Structure formats: C-alpha cells, structure tokens
Amino acid sequence: MVTKPSRSEKIYTVIMPAYNEESSIEAALDSIASADERTGATLAAIVVCVNGCTDRTEEIVRNWTKRPVIVLHSEPGYLLAMNKLLSYVRKNYPSYPMVKVDADSVVEINCMQRLLAELEIHPKLKLVGGHPVPSPLCNHSLYQRLLGRTLSLRSIYPLAERAVNDVSEYHPYATIEPQPGIGSIETKLKIYFHGRIWCVRKPAMIPLLDSTVLGDDVFLNDWLYTKYGPTALRV
C-alpha cells in the first residue's frame, strides 16, 4: 500500500535495483536510514526491485523495518529493474526528488542532505550526482589491495578527472556556490556523474531506459545535457 505524504512536507524517495545482494543490502539500507536522519525531510519509501534473485535478498529487505520499504519484482536485468522502479515512482510519487542507490553501496552520512540541498539551492538543476569511494579490501592480499586502489584511483581522487577541453559553462554553480575542498577546480572537471548514487528533481525528468543503454550514468549524462542544457547537472 502506498502512503501519500502531505503536500506541505519535504518528501523524497529512494530506488534500489537488487540482484543477489544478500551480503550487502542490509548495510546499504542501514546507511540510507542513518543519512535520512540528517535531511530534515520525509523519506516516503525505499523502493527495491528484486530482479531474478536466487538468494535471500528479498527476505532481508522484507524483514528490514527502519524505514518504509516497497518490494517490486522484475525479470533478471539491470535495465528491467530500473524501468520498473522508474515507472512505479513516476506513478506514485511524481512530484518529489528521487535518489538512486546501488544495493552494494553504503552512503555517506551527509549524502542525502547534500543531494537534496543542491536541488533547493539551484532551481535549474535537474540531477545531482555523487562520487563513489571503494571500500577497503581488508581481507585481500597486498597485491589485490594495490591493484584495487590503482583501478579505483578515479573514485578515490575525483579531482584528478580534469577535462581536456574547456567545460566551464557546464559548471555554473562552482562560482555561485563553491564546494568545500574543491573551489575553482570544479570548473575544469569532466562533466559526468557516477551511476551508483544520484538524485533527480522529479522522476519524470528522466526517460525510461531502452535496451541500447549500457549504463544509466553515461546515457542520462548525455540525455540531460541535450534536453536541458549545461545547467542540468552537478556532481
């Protein structure tokens, strides 16, 4: 059953596709609940789409009670799960910001607050993205840890991702509201966001994903800039 929040409340939803994530999904949900406490908003629901799971993912989600959870089902496949989630939230929570989180990711404690605040501060923004940081590979060999850090350098140090061309027009908010620790460097960074964590102002502002889409971040990045122009995104 869908509970309709009051129009006077600040509302948002979270969507999460999940395929065989029994080892990580409870930590992901717990981190969302902790981050939600700092938002000053109401988390209407975390909508999880179980897409062809063969493990205990659905059981864990259904037994988790810290926030309202809605469980959907789809056939196996990331795009099928995402479209099921987008369609559901469009129908039931069309007017509220929607945050997408991966089921194997733990969100930082201020994450939701920062995403929602950016949308309030900058009315032209359509989507706010975030940078993922890889978890420590504590139980792996020294070689595996070094390899993991090398492959994840972009995530560990996103400020290294500077664009070759002049992309300053795609970073209008950097001069209006500089991010702590980044400042003017933001105007030189590449213009994309990562698919693990992002927040769109309204779910109808992004399209459903067809079978040619390889990743929601790559597709939505180009689609939003084409549709809304250089003021559409911020990471």
Side-chain angles (χ1 to χ4, degrees), residues 14-17 31 35 78-79 82 86 97-137 145-203 205-210 212-235:
V14 172
I15 63 170
M16 179 183 290
S31 71
Y78 178 79
L79 295 182
M82 283 296 295
L86 287 170
M98 181 191 77
V99 180
K100 185 263 183 168
V101 180
D102 276 2
D104 63 350
S105 299
V106 173
V107 301
E108 193 266 340
I109 190 68
N110 293 313
C111 177
M112 301 301 182
Q113 180 185 44
R114 287 291 302 277
L115 295 175
L116 296 172
E118 284 297 302
L119 293 178
E120 284 198 28
I121 294 169
H122 306 296
K124 290 185 178 181
L125 262 177
K126 303 299 185 290
L127 186 145
V128 187
H131 283 294
V133 177
S135 299
L137 303 173
R145 295 201 301 272
L146 289 173
L147 180 62
R149 288 187 65 83
T150 300
L151 294 174
S152 303
L153 182 61
R154 185 178 72 183
S155 297
I156 295 170
Y157 187 59
L159 296 188
E161 286 294 293
R162 304 203 184 193
V164 174
N165 300 313
D166 180 6
V167 294
S168 55
E169 72 168 319
Y170 291 88
H171 297 289
Y173 310 109
T175 53
I176 301 170
E177 181 227 352
Q179 296 190 52
I182 298 179
S184 62
I185 296 176
E186 185 180 354
T187 62
K188 303 179 185 299
L189 298 182
K190 292 182 180 179
I191 51 174
Y192 65 83
F193 66 95
H194 200 286
R196 285 188 176 273
I197 175 74
W198 47 266
C199 175
V200 67
R201 186 176 295 277
K202 293 181 181 180
M205 287 182 169
I206 57 175
L208 298 181
L209 309 175
D210 65 38
T212 64
V213 174
L214 298 178
D216 56 357
D217 48 355
V218 176
F219 170 75
L220 291 176
N221 188 87
D222 291 342
W223 192 90
L224 284 162
Y225 280 133
T226 301
K227 175 77 173 178
Y228 298 109
T231 60
L233 303 180
R234 191 181 196 187
V235 179

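As the structure is a computational prediction, the values presented were derived from the model and not from experiment. All residue numbers refer to positions in the sequence shown, counting from 1.
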**Fill in**
Residue set satisfying side chain to side chain donor-acceptor pair (under 3.5 Å) with Ser105, at least two apart, ordered chain then number -> Arg196
**Request:** Return the set of residues passing side-chain contact (heavy atoms from CB on, under 4.5 Å) with Pro172 (not counting sequence neighbours), or none when no residue passes.
**Result:** Thr231
**Request:** Only pairs at least two apart or in different chains count here, so list each salt bridge (Lys or Arg N to Asp or Glu O under 4.0 Å) that has a residue in residues 224-235.
**Result:** Glu118-Arg234, Glu177-Arg234, Glu186-Arg234
**Message:** If we ignore hydrogens and angles and just use 3.5 Å, is the side chain of Asp166 paired with the main-chain N or O of Ser168 as donor and acceptor?
**Reply:** yes
**ring pair (Phe, Tyr, Trp, His ring centres under 6.0 Å) partners of Tyr78, counting only residues at least two apart** = none
**Prompt:** Which residues satisfy the side-chain contact (heavy atoms from CB on, under 4.5 Å) test with Lys202, sequence neighbours excluded?
**Reply:** Met205
**Message:** If the condition is side-chain contact (heavy atoms from CB on, under 4.5 Å), which residues does Ile109 pass it with, not counting sequence neighbours?
**Reply:** Ser34, Arg38
**Request:** Report the residues that fulfil side-chain contact (heavy atoms from CB on, under 4.5 Å) with Asp210, sequence neighbours left out, ordered by chain and then residue number.
**Result:** Thr212, Val213
**Message:** Measuring only between side-chain heavy atoms, which start at C-beta, is Phe193 closer than 4.5 Å to Asn221?
**Reply:** yes
**Message:** Is any side-chain heavy atom of Leu224 closer than 4.5 Å to one of Ile206?
**Reply:** yes
**Message:** Among residues at least two apart in sequence or on other chains, which ones pass salt bridge (charged side-chain N to carboxylate O under 4.0 Å, His left out) with Lys124?
**Reply:** none
**Within-4.5 Å side-chain heavy-atom neighbours: Trp198 and Met98** = yes
**Prompt:** Which word best sums up how the rings of His122 and Tyr173 line up, parallel for under 30°, tilted for 30 to 60°, or perpendicular for over 60°?
**Reply:** tilted
**Complete:** Across all chains, not counting sequence neighbours, the salt bridge (charged side-chain N to carboxylate O under 4.0 Å, His left out) partners of Glu120 are Lys10
**Prompt:** Taking only residues two or more places apart in sequence, or in another chain, which ones meet Arg201 in a salt bridge (charged side-chain N to carboxylate O under 4.0 Å, His left out)?
**Reply:** none
**Message:** Applying side-chain contact (heavy atoms from CB on, under 4.5 Å) to Val235 and His131, what does each step give before you reach the verdict?
**Reply:** CA-CA 7 Å; Val235 179; His131 283 294; 3.5 Å; yes
**Complete:** Residue set satisfying side chain to side chain donor-acceptor pair (under 3.5 Å) with Asn165, at least two apart, ordered chain then number -> none
**Request:** Report the C-alpha distance between Met112 and Val101 in whole Å, list the side-chain angles of each, state the deciding distance to 0.1 Å, and finish with yes or no for side-chain contact (heavy atoms from CB on, under 4.5 Å).
**Result:** CA-CA 11 Å; Met112 301 301 182; Val101 180; 4.0 Å; yes
**Message:** Between Asp102 and Ile197, is there a side-chain heavy-atom distance shorter than 4.5 Å?
**Reply:** no
**Prompt:** Which atom names give the shortest non-hydrogen contact between Ala103 and Pro17, and what distance separates them?
**Reply:** CB-O, 3.5 Å
**Message:** Enumerate the salt bridge (Lys or Arg N to Asp or Glu O under 4.0 Å) contacts for residues 212-224, please, sequence neighbours excluded, ordered by first and then second residue.
**Reply:** Lys100-Asp216
